[in-house]
Amino acid sequence: MVLRFDARDVSGFKLLFSLAIMYGLMSFVVHSVIYTKFIKPLGIDAPLDRFSEARAVEHVRVLSHDIGNRQEGHPGLREAAEYIKAQLERMKERAGSNIRIEIEENVVSGSFAMLFLGHGISFDYRNLTNILMRISSIDSKHSDPSVLVNAHFDTTLGSPGAADCGSCVASLLEIARIIIDSGWVPPRPIILLFNGAEESFLLGANGFMRTHKWRDSIGAFINVEATGTGGLDVVCQSGPGSWPSYVYAQSAIYPMANSAAQDIFPVIPGDTDYRMFSQDYGSIPGLDIIFLFGGYHYHASSDTVDRLLPGSMQARGDNLYSMVKAFAESSKLKNDHERESLGDAHDYNDEQAVFFDYLTWFMIFYSRRIALMLHSIPIAIFLIMPFLLRMMNYGLYCCFVTLYDFVKGMILHATGIMLAIIFPVIFSILRLLFSSYGMNWFANPYLAFLMFTPISLIGLLIPRTVFRVLPLSQDVSILKTSKEALSDEARFWGAFGFYALLTLAYLLAGFTGGFLTFFASASMLLAWISFYLSINFCGHQSVRYYFP
């Protein structure tokens with residue numbers, strides 16, 4: 001048997017090969033970005049006014065390797081507190097005469113109740129240790145609005161806590177060093193809180209917010225956390241209002257923020273110190289920034305210094321220092337008394353904004369008011385499109401019939417999406433019946449791709465396979481177009497309508513991640529315009545020609 005290929009086959013293979021190369025390059029770029037491979041970590045000998053990952057890693061090495069486990073009741077926790085305090089005292093000795101350095105070892109006790117995962121829990125704690133440093137100009141007052149940066153130095157049982165959260169503590173120590181060694185005098189005080197009890201239900205942050213004299217001066221905060229060993233240092237929570245995320249968008253050198261994360265985070269069975277600062281004991285504007293990748297080492301004995309992803313701490317440190325400066329220099333920084341007196345008139349009480357970065361190169365930020373207008377455009381286009389396609393030649397009745405077919409296409413696409421979600425879930429449940437390694441894919445992301453993506457695609461394609469030609473309400477004889485062409489048109493605009501409707505529903509529900517489906521629908525519209533132009537200018541000798 002001899003295979004023969006005509007010119008169309010060769011052109012089709014060329015196109016498929018080009019697409020494969022394009023998607024391969026895109027995958028390489030995305031992989032490099034999310035694993036911070038494009039960021040060069042600075043060494044020990046880096047300039048004193050620059051954040052150095054190598055210097056920060058040395059602190060992580062001491063905390064996680066030399067000291068090790070740091071739980072309440074374990075001697076390692078006390079050793080860590082003494083190490084942090086000693087490092088801060090050394091920095092204070094070389095501070096200039098125009099800067100004031102205050103260092104405190106704050107022992108806290110108290111009791112409180114909180115709601116966690118729908119259950120009321122009460123706590124009583126005694127003699128927990130926090131270490132604090134306040135950096136300010138020589139003429140500053142204790143009532144001046146300040147910027148708080150928080151990290152915890154305790155760990156879970158059995159974990160050396162290199163990433164969670166030795167990397168956070170090390171980042172703060174390096175930030176403190178930069179401020180002092182660079183000679184920058186912050187216009188507003190900077191408070192660095194090294195709290196000794198986060199893993200035990202946020203007790204250290206609770207003690208600070210309930211008892212410390214500096215608590216009412218805080219005008220903004222940044223909580224630094226880790227649920228993995230590096231990669232993207234994502235803003236998972238921000239608020240109240242849009243001001244903290246706006247400051248981040250303006251100042252972050254490597255922006256890694258996505259407002260969709262704020263919609264997902266409340267569903268996750270966990271909490272961070274962000275809750276104490278922004279929700280439970282104050283409405284302080286702030287950011288919750290978290291390492292996400294390498295989560296299989298999270299709270300595990302394998303959370304060691306050698307697991308930290310190179311470049312991650314450098315990106316975090318550069319971002320953190322830039323954000324601290326931006327918050328300290330902002331005219332919107334207000335202490336607790338000033339925020340209360342301004343009340344609803346202040347920008348803190350505006351609604352959450354929509355924001356996201358593009359491969360850490362730049363960040364897009366727009367208000368909810370703009371989102372209401374912008375995210376309504378796709379559904380308007382979906383409703384108008386049948387009239388634009390049919391009104392001039394076929395009349396009003398044909399327009400409504402076409403819209404009805406588009407709705408059928410939407411239902412068909414929604415069914416495919418639901419099956420694409422349900423099938424992997426069913427597959428995961430069935431796997432447990434035959435394998436004792438229920439989550440072996442968690443430590444090997446490529447296994448998750450190989451296991452779940454094909455199953456998901458099968459679910460997505462089932463409706464199209466069952467209904468090769470969509471049951472049409474339009475009269476083929478009047479339109480003088482094949483059923484296949486009309487069916488493809490209804491499927492395309494049905495999928496567009498599905499994402500357009502989801503975008504609007506997402507926004508009206510009060511969420512901020514609707515930009516994902518908005519850009520899906522916008523991309524489809526651009527693809528349709530490109531296809532329409534190629535048909536008009538090139539006839540059938542276009543991309544569509546190679547897929548009969």
Side-chain angles (χ1 to χ4, degrees), residues 55-93 102-112 121 123-134 149-177 191-212 223-229 270-273 276 291 297-308 313:
R55 287 191 285 252
V57 166
E58 289 307 306
H59 294 306
V60 180
R61 197 179 308 279
V62 172
L63 291 168
S64 63
H65 183 268
D66 298 348
I67 296 176
N69 293 341
R70 307 183 298 280
Q71 302 87 36
E72 184 59 41
H74 193 284
L77 189 65
R78 183 62 206 168
E79 290 178 39
E82 291 173 352
Y83 173 79
I84 294 167
K85 189 175 181 181
Q87 293 298 312
L88 299 179
E89 293 287 358
R90 289 179 188 174
M91 296 177 199
K92 181 178 181 179
E93 291 174 1
E102 299 169 78
I103 298 171
E104 286 192 10
E105 180 175 333
N106 182 224
V107 178
V108 296
S109 301
S111 60
F112 69 103
I121 310 175
F123 299 96
D124 185 87
Y125 57 92
R126 293 286 182 274
N127 302 325
L128 303 179
T129 301
N130 293 329
I131 306 296
L132 295 104
M133 171 185 261
R134 187 177 186 267
V149 189
N150 174 74
H152 69 89
F153 59 88
D154 64 321
T155 66
T156 55
L157 188 64
S159 174
D164 180 26
C165 213
S167 67
C168 314
V169 171
S171 297
L172 266 62
L173 288 172
E174 181 67 358
I175 291 296
R177 185 205 59 75
I191 300 173
L192 303 179
L193 170 58
F194 303 85
N195 90 69
E198 189 270 350
E199 300 293 0
S200 52
F201 286 93
L202 324 178
L203 302 183
N206 177 272
F208 172 81
M209 288 302 296
R210 287 168 61 93
T211 65
H212 203 277
N223 183 55
V224 188
E225 257 291 358
T227 59
T229 54
D271 256 319
T272 70
D273 286 326
M276 289 294 162
F291 275 161
H297 301 300
Y298 176 57
H299 286 182
S301 59
S302 57
D303 183 10
T304 54
V305 66
D306 56 299
R307 306 279 188 181
L308 294 174
M313 289 189 67

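- Ser200 meets the side chain to side chain contact (heavy atoms under 4.5 Å, CB included) test with Ala197, Leu203; sequence neighbours excluded.
- Partners of Asn130 according to the side-chain hydrogen bond (donor to acceptor under 3.5 Å, both in side chains) rule, which considers only residues two or more places apart in sequence or in another chain, do not exist here.
- Residues meeting the salt bridge (charged side-chain N to carboxylate O under 4.0 Å, His left out) test with Arg55, sequence neighbours left out: Glu174.
- Pairs passing the salt bridge (charged side-chain N to carboxylate O under 4.0 Å, His left out) check and including a residue from residues 195-207, sequence neighbours excluded, do not occur.
- Within the structure, salt bridge (charged side-chain N to carboxylate O under 4.0 Å, His left out) pairs that include any residue of residues 156-170 do not occur (at least two apart or interchain).
- Legend: residues meeting side-chain hydrogen bond (donor to acceptor under 3.5 Å, both in side chains) with Asn127, ordered by chain and number and at least two apart, are absent.
- Residues Asn206 and Phe123 fail the side-chain proximity criterion, which asks for heavy atoms closer than 4.5 Å.
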Using a 3.5 Å cut-off and no angle test, enumerate the donor-acceptor pairs between side-chain atoms of residues 155-163 and protein atoms at least two apart in sequence or in another chain.
| from | atom 1 | to | atom 2 | distance (Å) |
| --- | --- | --- | --- | --- |
| Thr155 | OG1 | Arg70 | N | 3.0 |
| Thr155 | OG1 | Gln71 | NE2 | 2.9 |
| Thr155 | OG1 | Ser159 | O | 3.2 |
| Ser159 | OG | Gly161 | N | 3.2 |
| Ser159 | OG | Ala300 | O | 3.1 |

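- Scanning for side-chain hydrogen bond (donor to acceptor under 3.5 Å, both in side chains) contacts around Asp66 gives an empty result, with sequence neighbours left out.
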Quick one: side chains of residues 80-90, donor-acceptor pairs under 3.5 Å with protein atoms, not counting sequence neighbours, listed by atom name and distance.
| from | atom 1 | to | atom 2 | distance (Å) |
| --- | --- | --- | --- | --- |
| Glu82 | OE2 | Arg78 | NE | 3.3 |
| Tyr83 | OH | His59 | ND1 | 2.7 |
| Lys85 | NZ | Glu105 | OE1 | 3.4 |

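- The ring pair (Phe, Tyr, Trp, His ring centres under 6.0 Å) search around Phe291 returns none, not counting sequence neighbours.
- Residues forming a side-chain hydrogen bond (donor to acceptor under 3.5 Å, both in side chains) with Asp271 (at least two apart in sequence, or on another chain): Arg275.
- Residues that satisfy the ring pair (Phe, Tyr, Trp, His ring centres under 6.0 Å) test with Tyr125, not counting sequence neighbours, are absent from this structure.
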